[in-house]
Amino acid sequence: MKPIIPTHIVQIRFYAELNDFLPAPRRHIEFEHAFEGMPAVRDVVGSLGVPHPEIDVILVNGISVGLGHRIHDGDRIAVYPVFEALDVGPLQRLRSLPLRITRFALDCHLGRLARALRLLGFDASYQRDVRDPDLIAQARSEGRIILTRDRELLKARVVTHGIWIRSTNPREQVLQVLDRFDLRARARPFTRCTVCNGELAAVYAETVHDEVPPRVWEQPQEYFRCIRCRKVYWRGTHAARLQEFVDAVLGPRTASD
């Protein structure tokens, strides 16, 4: 007969937006979790549905630990999300590199978010048909933060920086990214190509004369060219709508900005 392996119990609580990954009865409370053996805390939080890149600090019995820490019967575990504006002092941060680097890699479901981030001036890599392994490899090699609608992608052990985009509404998605990484002061609207993610450079009007419609050429304009795909930009009829979007997500600019 197979011997009975005793089941152990820990008390665990997740804080702030990490509760988004939990079923309603377990949100914002401490609850019991049964386990066998001595699993790493990474495996415990993952089994509960919380991707490790969303986590920044874990306390076991009041002591800050890493993801590889082995848990024991009776432990009390507190799990916190990424701290951006809060000084957590000597606690052991789980991120090996700063998460405020504004370079993103977006999965294939987030094309509209990619364009919105580029409009705000952020480096947002996006390919419509990118596969998860390729996205992860790019993020690791280029130091990018993964933005994804796929929770399972974030659970891959090799993923170090990434967040799950909660909403399907593009404006709400942008607000989540801006809030999570405290990016509003770093935005540089209208400085990046929304098509290919390249940076824009000012050019003399004469150099683009043959590339713009006659009705545009008749009005005094500033012109910009993408240094990657060579697309030419100017302040068109849709500029007011784009500026309205920028003001809505960043807040209106003042005369001193």
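From a predicted model like this one, the values you see are computed outputs, not experimental measurements.
- The salt bridge (charged side-chain N to carboxylate O under 4.0 Å, His left out) search around R70 returns none, not counting sequence neighbours.
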*Show the numbers, then the answer: is there a side-chain contact (heavy atoms from CB on, under 4.5 Å) between H52 and L154?*
CA-CA 7 Å; H52 63 271; L154 292 181; over 6 Å; no

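- In this structure E172 satisfies the salt bridge (charged side-chain N to carboxylate O under 4.0 Å, His left out) test with no other residue, sequence neighbours excluded.
- Listed by chain and number, the residues in a ring pair (Phe, Tyr, Trp, His ring centres under 6.0 Å) with H209 are W217 (sequence neighbours excluded).
- Residues satisfying the side chain to side chain contact (heavy atoms under 4.5 Å, CB included) criterion with A240, sequence neighbours excluded, are absent altogether.
- The side chain to side chain donor-acceptor pair (under 3.5 Å) check on H72 picks up nothing, with sequence neighbours excluded.
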_Checking Y15 against V79 for the side-chain contact (heavy atoms from CB on, under 4.5 Å) test, could you report, in this order, the C-alpha distance in whole Å, the side-chain angles of both residues, the deciding distance, and whether it holds?_
CA-CA 6 Å; Y15 287 83; V79 189; 5.9 Å; no

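- Expressed to the nearest 0.5 Å, how far CG of L119 lies from CZ of F190 amounts to 5.0 Å.
- Looking only at side-chain heavy atoms (C-beta outward), E17 and R180 come within less than 4.5 Å of each other.
- Residues L120 and R188 fail the side-chain proximity criterion, which asks for heavy atoms closer than 4.5 Å.
- Qualifying salt bridge (charged side-chain N to carboxylate O under 4.0 Å, His left out) partners for D132, counting only residues two or more places apart in sequence or in other chains: none.
- Partners of R235 by side chain to side chain contact (heavy atoms under 4.5 Å, CB included), not counting sequence neighbours, listed by chain and number: Q221, A239.
- A side-chain donor-acceptor contact under 3.5 Å links S125 and Q138.
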Below 3.5 Å, can you tabulate the donor-acceptor pairs from side chains in residues 39-51 to any protein atom, sequence neighbours excluded?
unit_1 : atom_1 : unit_2 : atom_2 : d
D43    : OD1    : R157   : NH2    : 3.0
S47    : OG     : D43    : O      : 3.4
S47    : OG     : V44    : O      : 2.7

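- Looking at K155 and E54, no side-chain N of the basic residue comes within less than 4.0 Å of a carboxylate O on the acidic one, giving no salt bridge.
- Counting only heavy atoms from C-beta outward, the side chains of P81 and F14 never approach each other to under 4.5 Å.
- R228 places a side-chain heavy atom less than 4.5 Å from the side chain of C196.
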Side-chain donor/acceptor pairs under 3.5 Å, residues 104-117, sequence neighbours excluded:
unit_1 : atom_1 : unit_2 : atom_2 : d
D107   : OD1    : H109   : N      : 2.9
D107   : OD2    : T148   : OG1    : 2.5
D107   : OD2    : R149   : N      : 2.9

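- Put simply, the side chain of Q173 does not reach to within 4.5 Å of the side chain of L147, judged on heavy atoms.
- Residues passing the salt bridge (charged side-chain N to carboxylate O under 4.0 Å, His left out) test with E199, sequence neighbours excluded: none.
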_Trace of the side-chain contact (heavy atoms from CB on, under 4.5 Å) decision for L200 with Y233_ = CA-CA 8 Å; L200 303 184; Y233 286 84; 3.7 Å; yes

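- E206 meets the side chain to side chain donor-acceptor pair (under 3.5 Å) test with no other residue; sequence neighbours excluded.
- Aromatic ring orientation, F21 versus W164: tilted (interplanar angle from 30° to 60°).
- Every residue meeting the side chain to side chain donor-acceptor pair (under 3.5 Å) condition with E211, not counting sequence neighbours, appears here in chain and number order: R225.
- A distance of 7.5 Å separates NE2 in H69 from CD1 in I77, rounded to the nearest 0.5 Å.
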*List the steps and the verdict of side-chain contact (heavy atoms from CB on, under 4.5 Å) for H28 and L22.*
CA-CA 9 Å; H28 306 289; L22 302 176; over 6 Å; no

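- Contact of the V232 side chain with the Y223 side chain is registered, since non-hydrogen atoms from C-beta on lie closer than 4.5 Å.
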_Set out, in order, the CA-CA distance, both residues' side-chain angles and the distance that settles salt bridge (charged side-chain N to carboxylate O under 4.0 Å, His left out) for R27 and D20, then state yes or no._
CA-CA 8 Å; R27 293 176 183 172; D20 294 345; 5.9 Å; no

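- Using a 4.5 Å heavy-atom cutoff, the side chains of R144 and H161 are not in contact.
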*E32 vs R13, salt bridge (charged side-chain N to carboxylate O under 4.0 Å, His left out): CA-CA, chis, key distance, verdict*: CA-CA 9 Å; E32 289 187 350; R13 178 170 179 174; over 6 Å; no

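- At a threshold of 4.0 Å, the pair D123-R118 does not count as salt-bridged, since none of the basic side-chain nitrogens sits closer than that to a carboxylate oxygen.
- Here R140 contributes atom CZ and I146 contributes atom CD1; the two are 9.5 Å apart, rounded to the nearest 0.5 Å.
- With rounding to the nearest 0.5 angstrom, the CG atom of D150 is 12.5 Å from the CD1 atom of I165.
- Two residues are said to be in side-chain contact when any heavy atoms from C-beta on lie closer than 4.5 Å; F122 and F181 fail this criterion.
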